[in-house]
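What follows is one structure encoded as structure tokens, with my remarks underneath.
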There are 2 protein chains.
Amino acid sequence: MPRVSESHRAARREQILAAGRRCFTRNGFHATSMQDVIAEAGLSIGAVYRYFGSKQELVTAIAEDVIGGADGVLAGLAREHPDTGLAEVLEHALEFVDAESGPDGALRVAVQVWAEAMRDESLAAFVKDVYSRFRGHFVGFARRAVASGELPPDADPEAVASVLFGLLPGYALQRILTGGPDRATFLAGVRSLIGLQLR
Amino acid sequence: MPRVSESHRAARREQILAAGRRCFTRNGFHATSMQDVIAEAGLSIGAVYRYFGSKQELVTAIAEDVIGGADGVLAGLAREHPDTGLAEVLEHALEFVDAESGPDGALRVAVQVWAEAMRDESLAAFVKDVYSRFRGHFVGFARRAVASGELPPDADPEAVASVLFGLLPGYALQRILTGGPDRATFLAGVRSLIGLQLR
DNA sequence: CTATAAAAAACGAGCGTTCGCTTTAAGGAG
DNA sequence: CTCCTTAAAGCGAACGCTCGTTTTTTATAG
């Protein structure tokens, strides 16, 4: 099919990305062959290579999608609830973690990306960039918490943000690796320790 | 060299394990070939295959070593300081994280293991087992904190433990992926949020 | 001598990728 | 509308290579 519409091309690209993501979720980047992705997409070798010049390109696209997606969610949270307290923000963030913790969730790919970032410098740079911005959202939340009196005036927003940010992978890994505590229990633990007013 | 001493055999095994660990730290499990490990160990194919029947066997041995090692450290902490408060325990644990965060540290392999556990059921079972025990140590610390009044009487030790446990990978990932906050800053954030008396 | 650790050659399978062929939709000429 | 040209989309056999592993050979400690 030549001279195909732009929307057709975009759809094909999405089809390949979705197939790759399913494969990588199931089996990781390295144990998934291009044949696997190609079969999952129901396309031919040539078709896939027209859209992604190499396996690395496909891996990178999916990795950036997954990592960037998480940042997008928190950015959305910051935009939609500009006056929310730390407690509620944390709860929304953990809801997002739960939603992506299933066998098809993005977190399984995220763990693969973390591992891949150990050996791929450019991917590491991307992750560092996105996660720094991600943590930046929490700095904003923490500043407002200091201003509103939710946190003591001498609290360092950067320091608080790094703890709140850290709670997310901490919770996510427990869910994925150990089956972990449910969100309510984890939040109860945070409440006991922190004394934030969680609803 | 036939009929070699037991200590010789143990040393050779360690030599291979150490070489494998360096390779896997540098390049991950899948991007490291047996040839890489063999060259790093300075041995021959036959020698390595005498000690480990397959690559999977070597990977499993190293993965279990790394994951089990972390649990051993916390178990040692629990044993040596049976009356330590939560704050000091957390500080010791973060010190351990820092010590293993470097380019040759165990954490880089730990991330690989997490990723591998996404696709290897038996490794996943092992990690779940060890990390559940790991969290169990924190439950013990939390119980003592409730008893000593460091935590309010209605605090759920299981819930508190899951948060404290979660802080470790949360801090570790920030250090590894973003360069993250230093330990003092992170602890300051914990102090602001939690109000534990950290020295 | 003998048993076996170590070395090394060799193997088949499967990898990512290339490349030339075929198919098909778009667009202009009549 | 119909036909033809054209260029891109799609295809899949084949390639070179590297993988993990097996098998064979060599060397030597006991």
Side-chain angles (χ1 to χ4, degrees), chain A residues 1-24 26-63 112 115-116 119-120 122-123, chain B residues 1-63 112-113 115-116 119-120 122-123:
Chain A
M1 314 164 193
R3 298 198 175 177
V4 116
S5 70
E6 193 53 45
S7 73
H8 173 97
R9 288 183 51 86
R12 267 283 196 275
R13 198 186 143 90
E14 279 310 311
Q15 178 182 355
I16 296 167
L17 282 173
R21 195 159 156 163
R22 282 194 299 276
C23 289
F24 294 148
R26 196 185 303 136
N27 229 7
F29 291 131
H30 294 280
T32 297
S33 70
M34 284 302 277
Q35 287 296 344
D36 293 338
V37 176
I38 286 156
E40 179 82 21
L43 292 172
S44 68
I45 305 174
V48 169
Y49 270 92
R50 181 165 294 278
Y51 289 87
F52 295 92
S54 68
K55 183 181 183 181
Q56 184 60 50
E57 223 174 87
L58 179 63
V59 165
T60 301
I62 290 174
Q112 304 287 341
E116 196 60 12
R119 32 172 260 97
D120 177 340
S122 74
L123 184 56
Chain B
M1 314 162 189
R3 299 197 175 176
V4 115
S5 71
E6 190 55 43
S7 73
H8 172 97
R9 289 182 52 87
R12 266 286 153 65
R13 197 187 144 89
E14 279 310 312
Q15 179 181 355
I16 296 166
L17 282 172
R21 194 159 157 162
R22 282 194 299 276
C23 289
F24 294 148
T25 300
R26 194 185 304 134
N27 229 6
F29 291 131
H30 295 279
T32 297
S33 70
M34 286 300 277
Q35 287 298 342
D36 293 338
V37 176
I38 286 157
E40 178 83 21
L43 292 173
S44 69
I45 305 175
V48 169
Y49 270 92
R50 176 164 296 279
Y51 292 87
F52 295 92
S54 67
K55 183 183 184 181
Q56 185 59 50
E57 222 174 88
L58 179 62
V59 165
T60 300
I62 291 174
Q112 304 286 341
V113 175
E116 196 60 11
R119 32 172 261 96
D120 177 341
S122 75
L123 184 56

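Residue numbering restarts at 1 for every chain, and letters A, B, ... go by the order of the sequence lines. Since the structure is predicted, the reported quantities are computational estimates derived from the model, not experimental observations.
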Check your understanding: Distance check: side-chain N/O of B/His8 vs OP1/OP2 of D/dT28, anything under 4.0 Å?
Key -> no

**Study point:** Side-chain N or O of B/Ser44 closer than 4.0 Å to phosphate OP1/OP2 of C/dA7
**Key:** yes

Considering only heavy atoms from C-beta outward, does the side chain of [X] approach that of [Y] to under 4.5 Å?
| X | Y | answer |
| --- | --- | --- |
| A/Leu17 | A/Phe52 | yes |
| B/Asp120 | B/Gln56 | yes |
| B/Arg22 | B/Val37 | no |
| A/Ile45 | A/Met34 | no |

Check your understanding: Can a donor-acceptor pair be found between the side chains of B/Gln112 and B/His30 at a distance below 3.5 Å?
Key -> no

Send over the distance from [X] [atom1] to [N] [atom2], rounded to a whole Å.
| X | N | atom1 | atom2 | value |
| --- | --- | --- | --- | --- |
| B/Asp36 | D/dT18 | CG | P | 12 Å |
| B/Arg50 | C/dA3 | CZ | P | 15 Å |
| B/His30 | D/dG20 | NE2 | P | 11 Å |

Between the protein and nucleotides 21-23 of chain D, are there any N/O to N/O pairs under 3.5 Å, and if so, what are the atom names and distances?
unit_1, atom_1, unit_2, atom_2, d
D/dT21, OP2, B/Tyr49, OH, 2.8
D/dT21, OP2, B/Lys55, N, 2.8

Check your understanding: If only atom types and distance count, is the side chain of B/Asp36 paired as donor or acceptor with the main-chain N or O of B/Ser33 below 3.5 Å?
Key ->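 Flag set: sc B/Asp36 to bb B/Ser33 pair under 3.5 Å.
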
Review point. Between A/Gln15 (side chain) and A/Ala11 (backbone), is there a donor-acceptor pair under 3.5 Å?
Key: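 Looks like no, no N/O pair under 3.5 Å.
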
Review point. Considering only side-chain heavy atoms of B/Ser33, which listed nucleotide, C/dA5, C/dA6, D/dC19, is closest?
Key: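 Of all the options, the side chain of B/Ser33 is nearest to D/dC19.
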
Point to revise | Interface residues of residues 13-24 of chain A with DNA chain D (non-hydrogen, below 4.0 angstrom) | key: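 Within residues 13-24 of chain A, no residue comes under 4.0 Å of DNA chain D.
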
Review point. Heavy atoms under 4.0 Å, any strand shown: does A/Tyr51 hit a base, just sugar-phosphate, or nothing?
Key: sugar-phosphate

Point to revise | Salt bridge present between A/Glu40 and A/Arg26 (N-O < 4.0 angstrom) | key: yes

